[in-house]
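Structure record follows, encoded as structure tokens.
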Amino acid sequence: MTDQHRVDTLGAYGNTQVRTPNLDRLAATGTRFDRWYTPTAICTPARASLLTGQAPFRHKVLANHERNVGYQEDLPDGTFTFPVALREQGYNVGLVGKWHAGTIKAPADYGFDGPHLTGWHNPVDHEDYRAYLKEHNLPPYEITDRIRGTLPNGGPGNLLAARLQQPVEATFEYYMATRTIEMLRSYASSEKPFYLATHFFGPHLPYIVPDHYFDLIDPSTVELPKSIAETFEGKPPVQRNYSAHWTFDTMPIEVTRKLIAVYWGYVMMIDEQVGRILDELDRLGLTDATTVFFTCDHGEFTGSHRLHDKGPAMYEDIYRTPGIIRIPGAPPQARSEFVSLLDCTATILDLAGLSRGAAVDSRSLVPIVRGEHPEWQQDIVAEFHGHHFPYPQRMLREDRYKLVVNPDSTNELYDLVNDPDELLNIYHHPEMAPVRGRMLRRLYTLLVERDDRFYHWMTSMYDVGEVDHDPTLSGLDEASYR
């Protein structure tokens, strides 16, 4: 699992400049999902959803600790999680890398072996990492050539990238792969079945990589995303404000190209570490007996829509992510069903022969990966609850259109056939009234099916928002939902 990883950075998903041979071979021998979405584009809630098989609204861990605005920060005692279920079934259960699924509770509280690596970015002062550097006579963490913009108040913006003055063997990514290989060997020597996860902290910003990867891609060859032409016309004002927060317009376009190039270099560095782990699986003779997943918690803007990081804008850049599963004996394929990071939970439980009932918002992907065509929902819902500040959003994505409901602002509707870069908000276009009405009804129906409280959320919008005056919603009442 990676963090903040764009789907369009992988060769398997069509990128011809970024070399990702290891993830590409995983995709070539497994199932590549082309419509894999995160339930929410923020680290901690997404990771809590993976643990529980519950949507964020249900498990209620809704924000990262670093930017929390009053939400719950840990899963309540007694909450179902798949690692505990596996441990109780006699599995070895390990996690190497980023935790970030809660504040007080640690991986060991959920049955995981492995070092507790806290925080949102590489914890380079962690005692185990420093011991690793000492053991291998490697230099400590040091960075130069920082890249950042200027905030509206004239202060320095957030760090976006920097050169790492260490060889690749000293990087946190190499360290995590090494610890994973060590644990893999230990588990392989046991008679117990195992679950083992490597959660890389990258390619989350700031993109901090050694010289080789910092300069691997020539910025002049980087094709800028078309949405860099974003004007924010007809969009929620929060997007323009967020662009200023991430200082996009204070940096020359050449800097944006360089940032994308360094991000791609970061992806290639991680791919090499994934390759080390997959090679070890081969050497241990476990490949034909082990299911392998690859995904991430959410995407990254890297200049798309004049934004960086992730946040209150439900664009494909941060909600559609890579998703690959290889089950031994299953046919190589690409699939177009709408699936979610949430679905990993039920899939893991299914593979282990355990009940999936407690993972209430998750669906097993095993039949799809085995080449079957089960009945499947033709759309997908995502949610967002804020980062830096509370900001509720709901999204419905179907084959052609995407609807985003922003209760305190303007809603959004995008035609992803004619406008794949989501530049033109057509929500208020008169000719879109039938589509808008149909999708609003569908979204609210799905939300109420998941939780009756959403009926009250919906009706509150009638009191405070533009939906109150939308004739396409006439006739919606509680009885119709029952």
> Around atom CD of Glu233, are there more than 12 heavy atoms of other residues, nucleotides or ligands at under 6.0 Å?
Replying inline: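 No.
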
> For Glu127, does the CD atom sit with more than 12 other heavy atoms under 6.0 Å from it, leaving out its own atoms?
Replying inline: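 No, CD of Glu127 has 12 or fewer neighbouring heavy atoms, counting only those of other groups under 6.0 Å.
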
>> Working note: Gln377 + Asp379, criterion side-chain hydrogen bond (donor to acceptor under 3.5 Å, both in side chains); need CA distance, chi angles, decisive distance, verdict.
In response: CA-CA 6 Å; Gln377 188 173 309; Asp379 47 28; 2.9 Å; yes

Closest non-hydrogen atom pair, [X] against [Y]:
X	Y	value
Phe33	Tyr13	O-OH, 2.8 Å
Val369	Pro331	O-CD, 3.7 Å
His59	Gln72	O-NE2, 3.2 Å
Gly371	Gln333	N-NE2, 3.6 Å
Asp350	Ser364	OD2-OG, 2.6 Å
Ile380	Val339	CD1-O, 3.3 Å

Can you say whether the rings of [X] and [Y] are parallel (under 30°), tilted (30 to 60°) or perpendicular (over 60°)?
X	Y	answer
Trp120	His204	tilted
Tyr71	His385	perpendicular
Tyr129	Phe172	tilted
Tyr242	Trp246	perpendicular
His308	Phe248	tilted
Tyr263	His5	perpendicular

[X] side chain vs [Y] backbone, donor-acceptor pair below 3.5 Å:
X	Y	result
Asp343	Leu365	no
Thr81	Thr52	no
Arg87	Val93	yes
Ser304	Pro225	no
Asn406	Gln393	no
Glu383	Phe57	yes
Asp317	Phe301	no
Thr291	Ile327	no
Glu173	Tyr266	no
Thr290	Thr287	no

Salt bridge check: are [X] and [Y] linked by an N-O gap of less than 4.0 Å?
X	Y	result
Arg35	Asp399	yes
Arg179	Asp128	yes
Glu337	Arg335	yes
Lys98	Asp3	yes
Arg276	Asp271	no
Arg400	Asp415	yes
Lys402	Glu412	no
Lys105	Asp74	no

>> Taking the cut-offs as 6.0 angstrom to the six-membered ring centre and 45 degrees off its axis, would you call Arg436 and Tyr427 a cation-pi pair?
In response: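 Yes, Arg436 sits over the ring of Tyr427.
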
>> Ignoring hydrogens and geometry beyond distance, is a side-chain donor-acceptor pair present between Thr44 and Asn64 at under 3.5 Å?
In response: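 Yes, a side-chain donor-acceptor pair sits under 3.5 Å.
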
>> Under 3.5 Å, is there a donor on one side chain and an acceptor on the other for Thr9 and Trp264?
In response: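 Per modelled atom types, Thr9 and Trp264 side chains form no pair under 3.5 Å.
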
> Run the side chain to side chain contact (heavy atoms under 4.5 Å, CB included) check on Thr171 and Ile208 step by step: do they pass?
Replying inline: CA-CA 9 Å; Thr171 63; Ile208 298 176; over 6 Å; no

Looking at side-chain heavy atoms only, is the closest gap between [X] and [Y] below 4.5 Å?
X	Y	answer
Ile348	Phe293	yes
Leu50	Thr345	yes
Ser340	Thr38	no
Thr118	His116	yes
Leu423	Glu230	yes
Met1	Leu341	yes
Phe294	Leu26	yes
Leu51	Pro83	yes

>> As a quick check of understanding, evaluate salt bridge (Lys or Arg N to Asp or Glu O under 4.0 Å) for Asp361 and Arg58, giving each step before the final call.
In response: CA-CA 9 Å; Asp361 298 308; Arg58 197 182 304 278; 2.8 Å; yes

> Given the rule in the side chain to side chain contact (heavy atoms under 4.5 Å, CB included) test, do Asn158 and His245 qualify, once you have shown the distances and angles that lead to the verdict?
Replying inline: CA-CA 9 Å; Asn158 293 294; His245 171 77; 3.6 Å; yes

> Which one of Asp297, Asp309, Thr321 satisfies the side chain to side chain donor-acceptor pair (under 3.5 Å) criterion with Gln4?
Replying inline: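 Among Asp297, Asp309, Thr321, the one meeting side chain to side chain donor-acceptor pair (under 3.5 Å) with Gln4 is Asp309.
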
> Can you name the salt bridge (Lys or Arg N to Asp or Glu O under 4.0 Å) partners of Glu66, sequence neighbours left out?
Replying inline: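 Not a single residue meets the salt bridge (Lys or Arg N to Asp or Glu O under 4.0 Å) criterion with Glu66.
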
>> Apply side-chain hydrogen bond (donor to acceptor under 3.5 Å, both in side chains) to residues Tyr175 and Gln273 and explain how you reach the verdict.
In response: CA-CA 9 Å; Tyr175 151 76; Gln273 304 316 309; over 6 Å; no

>> Under 6.0 Å between ring centres: does that hold for Trp99 and Phe201?
In response: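 No: the rings miss the under 6.0 Å criterion.
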
>> Please report whether the ring centroid of Tyr315 lies less than 6.0 Å from that of His305.
In response: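 That pair passes the under 6.0 Å test.
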
> For Tyr187, which of Tyr195, Phe194, Tyr91 qualifies under ring pair (Phe, Tyr, Trp, His ring centres under 6.0 Å)?
Replying inline: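 By the ring pair (Phe, Tyr, Trp, His ring centres under 6.0 Å) criterion, Tyr187 pairs with just one of Tyr195, Phe194, Tyr91: Phe194.
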
> Looking at CE of Met314 and CG of Leu403, how far apart are the two atoms once the value is rounded to the nearest 0.5 Å?
Replying inline: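 If we round to the nearest 0.5 Å, Met314:CE and Leu403:CG are 10.0 Å apart.
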
>> Would Thr445 and Leu443 count as a side chain to side chain contact (heavy atoms under 4.5 Å, CB included) here? Give the steps.
In response: CA-CA 5 Å; Thr445 299; Leu443 175 61; over 6 Å; no

>> Would Tyr414 and Asn425 count as a side chain to side chain contact (heavy atoms under 4.5 Å, CB included) here? Give the steps.
In response: CA-CA 6 Å; Tyr414 299 103; Asn425 180 11; 4.2 Å; yes

